[in-house]
There are 2 protein chains.
Amino acid sequence: MSHTVYDCSEGCPVEATLALIGGKWKGVILFHLLSDTIRFNELRRLMPGVTQRMLTKQLRELEADQLIVRKVYPEVPPRVEYSMADYGLTLAPIITALQKWGTEHLKKVKQEA
Amino acid sequence: MSHTVYDCSEGCPVEATLALIGGKWKGVILFHLLSDTIRFNELRRLMPGVTQRMLTKQLRELEADQLIVRKVYPEVPPRVEYSMADYGLTLAPIITALQKWGTEHLKKVKQEA
DNA sequence: CGGAATCCAATTCGATACTG
DNA sequence: CAGTATCGAATTGGATTCCG
């Protein structure tokens with residue numbers, strides 16, 4: 001739901017951030033949108049593991065949290081484009097840090113296998 | 001379980017990282033351990049919202065991922081201390097970035113309320 | 001003290017089918 | 001094209017009890 005109440009005394013800010021970007025696919029969505037404006041089905045292609053339902057839900061939550069923008073074009077066939085909101089852009093350093101660390105981590109895991 | 005397989009083509013590293021630290025309480029645990037070595041019940045006090053069961057589970061997962069170290073002292077009464085592992089320390093920049101962003105975010109949310 | 005084990009409720013998630 | 005609706009399966013999470 002991404003809107004739970006946390007009652008720890010000190011570390012809360014960490015949790016607050018993870019509550020926004022920690023969703024199963026939110027990080028990846030934000031990562032992709034950082035480099036481009038993307039249509040719904042384009043996103044699906046970029047993330048083959050996500051179901052349509054999940055993708056929709058996560059996008060809506062990100063939108064509700066003002067991290068991304070959903071723009072609907074009144075055309076036939078319909079077109080919906082997603083892009084970063086200004087507020088979401090402030091997350092950019094974090095996202096790229098996650099990506100960088102993850103890259104090294106995957107490398108390490110591979111070596112051990 | 002933190003060990004799912006992700007089959008996206010590009011953003012995976014982001015997901016890989018979030019799979020490790022994105023657990024409901026993992027971020028906060030790591031945040032606390034960054035500043036100190038902490039005993040089990042001490043952690044519980046620091047995070048009133050977590051149940052014993054959950055805390056145990058999350059700690060075990062972090063340990064399995066080599067991010068933290070669990071040290072058992074063969075005493076009576078027993079003592080178990082948790083601290084950052086070397087590998088976990090490499091996450092420090094990310095954790096503090098999350099904390100910093102979260103602090104600002106909470107400030108913003110408060111203003112809007 | 002620091003858990004493990006069990007039971008049960010709530011939530012999440014995927015598969016499928018349908019729609020403007 | 002970009003969803004929504006509905007349904008079960010699976011996972012998560014809390015409460016409680018017991019243990020070395």
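A note on names: the letters A, B, ... follow the listed sequences, proteins ahead of strands, and every chain is numbered from 1.
The shortest heavy-atom contact between A/Ile95 and B/Val14 is O-CG2, 4.3 Å. Of all heavy-atom pairs between A/Thr37 and A/Ser83, the closest is OG1-CB, 3.4 Å. Between B/Gln99 and A/Pro13, the shortest heavy-atom contact is O-CB, 3.3 Å. Contact detail for B/Gln58 and B/Gly23: the closest heavy-atom pair is OE1-C, 3.8 Å.
Cation-pi check for B/Lys108 over A/Tyr87 is met; the charged atom lies under 6.0 angstrom from the ring centroid and within 45 degrees of its normal.
Contact annotation for B/Arg44: no contact, since no heavy-atom pair falls under 4.0 Å across all strands. Nucleic acid contact class of A/Gln52 (heavy atoms, under 4.0 Å, all strands): base.
B/Leu55 places its CG atom 13 Å from the C1' atom of C/dC1, with the value rounded to the nearest Å. A straight line from CD of A/Glu61 to C1' of D/dG3 spans 16 Å, rounded to a whole angstrom. One interatomic measurement links the two molecules: NZ of B/Lys24 to P of D/dT12, which rounds to 13 Å at whole-angstrom precision. Going from atom OH of B/Tyr82 over to atom P of C/dC1 covers 15 Å, rounded to whole Å. Atom CZ of B/Arg79 is separated from atom P of C/dG3 by 13 Å (rounded to the nearest Å). The separation between A/Met47 atom CE and C/dG14 atom P is 11 Å, rounded to whole Å. Protein atom CE of A/Met54 is 19 Å distant from nucleotide atom P of D/dA2, rounded to whole Å. Here the P atom of nucleotide D/dT11 and the NZ atom of B/Lys57 are 11 Å apart, to the nearest Å.
Side-chain proximity of B/Arg39 to the nucleotides C/dC1, C/dG3, D/dC1 is greatest for C/dC1.
The line from CG of B/Leu62 to CD1 of B/Ile29 is 5.5 Å long, rounded to the nearest 0.5 Å. Rounding to the nearest 0.5 angstrom, the gap separating the NZ atom in B/Lys107 from the CD atom in B/Glu112 is 14.0 Å.
Listed by residue number, the members of residues 66-74 of chain A with any heavy atom below 4.0 angstrom from DNA chain D are A/Arg70.
Within the helix from C/dC1-D/dG20 to C/dG20-D/dC1, the inter-axis angle between the opening and closing five-pair segments is 50°, rounded to 10°.
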Query raised in the report: Hey, mind stepping through A/Arg79 and A/Glu81 against side chain to side chain contact (heavy atoms under 4.5 Å, CB included) and telling me if it holds?
Result: CA-CA 7 Å; A/Arg79 177 160 54 118; A/Glu81 288 184 348; 3.0 Å; yes
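The only option from A/Glu63, A/Arg70, A/Glu42, A/His32 that meets the side-chain hydrogen bond (donor to acceptor under 3.5 Å, both in side chains) definition with A/Tyr82 turns out to be A/Arg70.
Comparing A/Pro78 and A/Thr56 by the nucleotide of DNA chain D that holds the closest heavy atom to each, the one mapping nearer the 5' end is A/Pro78.
Listed pair B/Arg53 / C/dT6 fails the phosphate criterion, with no side-chain N or O lying under 4.0 Å from OP1 or OP2.
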